[in-house]
Amino acid sequence: MSTVLCCFSYVKYHGFRNAVCVTGTLDDCACDVETIDSFNNKEIFPKLQKLLSSDYFRFYKVNLNNPCPFWTDHSQCGLKYCAVKPCTEGEVPEGLKSSSYKYSEAASQDIEECEKAEKLGAVDGSLSDETRQALQEWKKHDDESDRFCMLDDEDSPKSQYVDLLLNPERFTGYKGPEAWRIWNSIYEENCFKPYSVKRPLNPLASNSGQGFYRWLEGLCVEKRAFFRLVSGLHASINTHLSARYLLDENWFEMKWGHNVSEFQQRFDEELTEGEGPKRLRNLYFLYLIELRALAKILPYFERPAFHLYTGQRTQDNENKKLLLELLHVAKSFPLHFDETALFAGNKKEAMKLKEDFKMTFKNISRIMDCVECFKCRLWGKLQTQGLGTALKILFSERQIEAMPNMSNTNPSFQLSRQEIVSLFNAFGRISTSVRELENFRSLLSNLKQ
Ligand SMILES: Cc1cc2nc3c(=O)[nH]c(=O)nc-3n(C[C@H](O)[C@H](O)[C@H](O)COP(=O)(O)OP(=O)(O)OC[C@H]3O[C@@H](n4cnc5c(N)ncnc54)[C@H](O)[C@@H]3O)c2cc1C
């Protein structure tokens with residue numbers, strides 16, 4: 001188990017009735033929640049927000065019209081807050097529309113390139129022989145198909161550009177059995193849960209949610225990690241909807257802001273019978289995984305041939321500078337998650353696990369097509385793709401590390417614009433959640449006084 005994964009088991013949460021306070025006294029390792037909070041809120045968050053407001057990152061191409069592949073009794077969310085306004089032709093910068101990557105070699109990031117992953121090579125010398133061998137086996141498999149590539153939306157004629165700044169993730173009113181069915185289906189079918197353990201569809205029906213998570217205790221570290229990522233995403237979405245809640249509405253304006261009691265209902269230790277703090281721990285876990293991926297991907301973006309192409313050269317150069325600054329900050333974080341601890345066991349088992357992991361992840365991204373609320377679907381798809389891209393990066397360490405030494409301009413590791421946009425925006429969501437936890441902490445402490 002990695003240090004960080006382990007250390008979060010020892011985070012002390014002080015969940016008192018009027019507060020959901022995440023403080024980080026970490027008993028047996030060097031990291032603590034305060035370090036992450038301070039690092040994120042001061043160093044990462046402001047830079048990331050600036051970057052995400054640029055044209056390159058604000059336009060996301062997505063197909064919101066895919067039919068749900070899992071069930072047919074499918075209604076559409078009638079709430080007006082669920083609607084997504086796609087961009088008109090004139091609103092999308094010229095450079096993004098056609099040959100999107102004109103002065104970028106990220107141009108070669110089509111499906112073909114994506115599926116042709118890279119040939120094997122040496123692995124990080126710090127790994128054990130066993131791990132090194134296992135990694136080599138996975139790389140061979142990766143050559144055949146990189147399952148984290150999810151480019152279908154990018155190529156679909158039904159896809160449309162959406163301006164993410166105009167469609168912020170916030171409270172939509174999407175809830176009840178339809179929302180539960182999505183979450184349930186993700187946890188029930190896709191988190192390596194034994195079939196003998198049942199998750200209640202209606203979480204209010206009984207307190208049978210208690211004990212549901214016990215099956216996790218019997219799982220290996222990888223499968224627990226997978227569950228934690230999903231749960232972290234769930235926690236992040238629910239933090240956002242509590243932070244940008246519709247507080248009031250009249251004929252001329254809508255007032256959005258923090259809804260403290262909504263937040264407490266979801267995360268207070270007592271109100272959630274101990275589950276809330278675990279969910280917040282999972283959010284931090286997700287943060288660390290995505291942060292680690294950003295630190296690793298630096299060589300890819302540092303190549304002179306890479307541009308954040310929108311057709312506005314000066315702006316594009318400035319954005320690249322900002323992006324590199326951000327990645328250097330991400331790299332400087334002293335307590336990174338050690339992803340080599342994942343899949344480091346028996347070679348055969350490790351290969352199988354990684355495949356299961358990827359398959360399960362892909363399945364979750366398809367479940368997003370069943371989300372009836374379009375705005376929730378938009379952000380659900382983006383964040384799933386962003387997390388998938390982060391995992392793709394973590395599993396491609398060798399190819400990325402080899403990049404600065406490669407003289408050719410067509411590296412075997414590729415990211416599509418779509419993957420890049422989703423990676424940074426997904427991390428932007430988690431980073432904002434961590435920032436919002438501080439806001440809620442201070443609102444709650446004001447309430448106490
Ligand atoms: C993909 C997706 C995107 C969404 N996006 C939005 C959005 O943008 N805006 C919006 O207003 N609503 C959104 N929703 C709905 C929102 O997530 C909740 O489902 C809804 O607010 C109802 O909340 P709830 O309290 O009934 O519990 P839910 O959040 O629906 O959770 C169901 C049950 O799962 C368990 N649970 C809750 N959190 C966690 C966790 N972190 N880890 C593990 N288990 C957990 C609890 O037992 C809970 O009762 C989205 C839903 C989905 C599926």
Side-chain angles (χ1 to χ4, degrees), residues 20 62 64 68 70 74 77 79-84 164 167-188 190-191 193 198-216 224 226-247 256 259 261-268 271-287 364-387 425-426 429-430 432-433 436-437:
V20 188
V62 64
L64 294 174
C68 168
F70 300 108
H74 184 68
C77 175
L79 296 163
K80 62 181 170 181
Y81 317 111
C82 289
V84 170
L164 297 171
N167 294 280
E169 187 187 27
R170 63 187 175 196
F171 174 79
T172 60
Y174 180 53
K175 59 182 170 197
E178 286 169 351
W180 291 336
R181 176 159 68 170
I182 304 288
W183 288 124
N184 220 48
S185 154
I186 292 173
Y187 292 113
E188 181 75 23
N190 294 289
C191 279
K193 187 185 63 53
K198 289 287 161 221
R199 186 175 196 268
L201 175 64
N202 180 352
L204 308 173
S206 68
N207 70 349
S208 45
Q210 298 308 309
F212 168 74
Y213 300 105
R214 289 221 184 95
W215 55 272
L216 271 175
R224 270 205 308 272
F226 193 93
F227 169 84
R228 285 187 168 172
L229 294 175
V230 173
S231 170
L233 176 62
H234 192 168
S236 175
I237 289 173
N238 287 355
T239 302
H240 281 289
L241 74 88
S242 311
R244 298 187 80 172
Y245 199 85
L246 183 60
L247 298 175
W256 300 91
N259 184 331
S261 65
E262 183 75 29
F263 182 76
Q264 282 177 299
Q265 291 299 325
R266 293 167 189 278
F267 298 110
D268 179 273
L271 295 176
T272 59
E273 299 186 46
E275 292 301 322
K278 290 186 202 154
R279 294 170 194 162
L280 293 178
R281 284 205 294 267
N282 294 335
L283 193 152
Y284 279 96
F285 178 66
L286 174 60
Y287 182 89
I364 291 180
S365 59
R366 294 174 73 218
I367 293 177
M368 291 299 161
D369 284 325
C370 302
V371 174
E372 290 93 342
C373 159
F374 283 114
K375 196 174 277 176
C376 309
R377 187 187 295 196
L378 164 68
W379 286 102
K381 281 188 142 199
L382 179 144
Q383 293 184 78
T384 311
Q385 188 180 25
L387 176 54
N425 273 288
R429 297 288 75 214
I430 310 305
T432 306
S433 289
E436 288 298 355
L437 291 184

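Ligands are counted one by one from 1 in listed order, and the atoms in each one are counted from 1 as well. The shown structure was predicted, so the numbers you read here are calculated from the model rather than taken from an experiment. For the numbers below, each heavy atom of this structure counts, side chains included, while hydrogens, waters and symmetry mates do not.
Closest approach of Ser242 and Asn238 over heavy atoms only: OG-O, 2.7 Å.
Proximity of Leu241 to Arg170: side-chain heavy atoms (C-beta onward) are nowhere separated by under 4.5 Å. Looking at heavy atoms from C-beta onward, Ile364 lies in side-chain contact with Phe226 at the 4.5 angstrom threshold. Side-chain contact between Thr272 and Phe267: absent, with no pair of heavy atoms (C-beta onward) separated by less than 4.5 Å. In this structure, the side chains of His234 and Ile186 stay at 4.5 Å or more apart for every pair of heavy atoms. Using a 4.5 Å heavy-atom cutoff, the side chains of Val230 and Tyr187 are in contact.
By heavy-atom distance, the residue among Arg281, Arg244, His234 lying nearest atom 36 (N) of ligand 1 is His234. For atom 41 (N) of ligand 1, the nearest non-hydrogen atom from the set Ser231, Cys376, Gly380 comes from Ser231. Proximity annotation for atom 47 (O) of ligand 1: of Arg279, Gln265, Arg181, Arg279 comes nearest, heavy atoms only. The nearest non-hydrogen atom to atom 19 (O) of ligand 1, considering only Tyr245, Trp183, Trp180, comes from Trp183.
Checking side-chain atoms of Arg244 against main-chain N and O of Pro168 turns up no donor-acceptor pair under 3.5 Å. Ser433 places a side-chain N or O within 3.5 Å of a backbone atom of Arg429 that can act as its donor or acceptor partner. Without hydrogens or angle criteria, Trp379 side chain to Ala426 main chain gives no donor-acceptor distance under 3.5 Å. A donor-acceptor distance shorter than 3.5 angstrom exists from the side chain of Arg377 to the backbone of Val371, with no hydrogens or angles considered.
Counting the atoms of ligand 1 from 1 in the order shown, those under 4.0 Å from a heavy atom of Tyr174 are 12 (N), 14 (N), 15 (C), 20 (C), 21 (O), 50 (C), 51 (C). Of all the atoms in ligand 1, the ones that sit under 4.0 Å from a non-hydrogen atom of Arg170 are 7 (C), 8 (O), 9 (N), 10 (C), 11 (O). Near Ile182, with a cut-off below 4.0 Å to any heavy atom, the atoms of ligand 1 are 53 (C). Heavy-atom proximity to Phe171, at under 4.0 Å, picks out these atoms of ligand 1: 11 (O). Numbered from 1 in the order shown, with element, the atoms of ligand 1 that lie under 4.0 Å from a heavy atom of Gly173 read 11 (O). Of all atoms in ligand 1, listed by their number and element, those nearer than 4.0 Å to a heavy atom of Asn238 are 16 (C), 17 (O), 18 (C), 29 (O). Ligand 1 places these atoms under 4.0 Å from at least one heavy atom of Tyr187: 40 (C), 42 (N), 43 (C), 44 (N). Of all atoms in ligand 1, listed by their number and element, those nearer than 4.0 Å to a heavy atom of Ala179 are 19 (O).
When heavy-atom distances to ligand 1 are checked against a 4.0 Å cut-off, Lys375 has no atom that comes that close, whether in backbone or side chain. The proximity of Asn282 to ligand 1, defined as any non-hydrogen pair under 4.0 Å, does not occur for either the backbone or the side chain. Residue Trp379 does not touch ligand 1, judged by heavy-atom distances below 4.0 Å. For Thr172, heavy-atom contacts with ligand 1 shorter than 4.0 Å involve the backbone as well as the side chain. The part of Met368 lying near ligand 1 is the side chain, judged by heavy-atom distances below 4.0 Å.
Considering backbone and side-chain N/O of Glu169, none are found under 3.5 Å from N/O of ligand 1.
Expressed to the nearest 0.5 Å, how far CG of Asn282 lies from CG of Leu233 amounts to 11.0 Å. Atom CD1 of Ile237 is separated from atom CD1 of Ile430 by 8.0 Å, given to the nearest 0.5 angstrom. Between the CZ atom of Arg281 and the CZ atom of Arg228 there is a distance of 7.0 Å, given to the nearest 0.5 Å.
The closest approach between a heavy atom of Arg266 and any atom of ligand 1 is below 4.0 Å. Taking a 4.0 Å cut-off on heavy atoms, Gly232 fails to register as neighbouring ligand 1. Within the 4.0 Å heavy-atom shell around ligand 1 one does not find Lys278.
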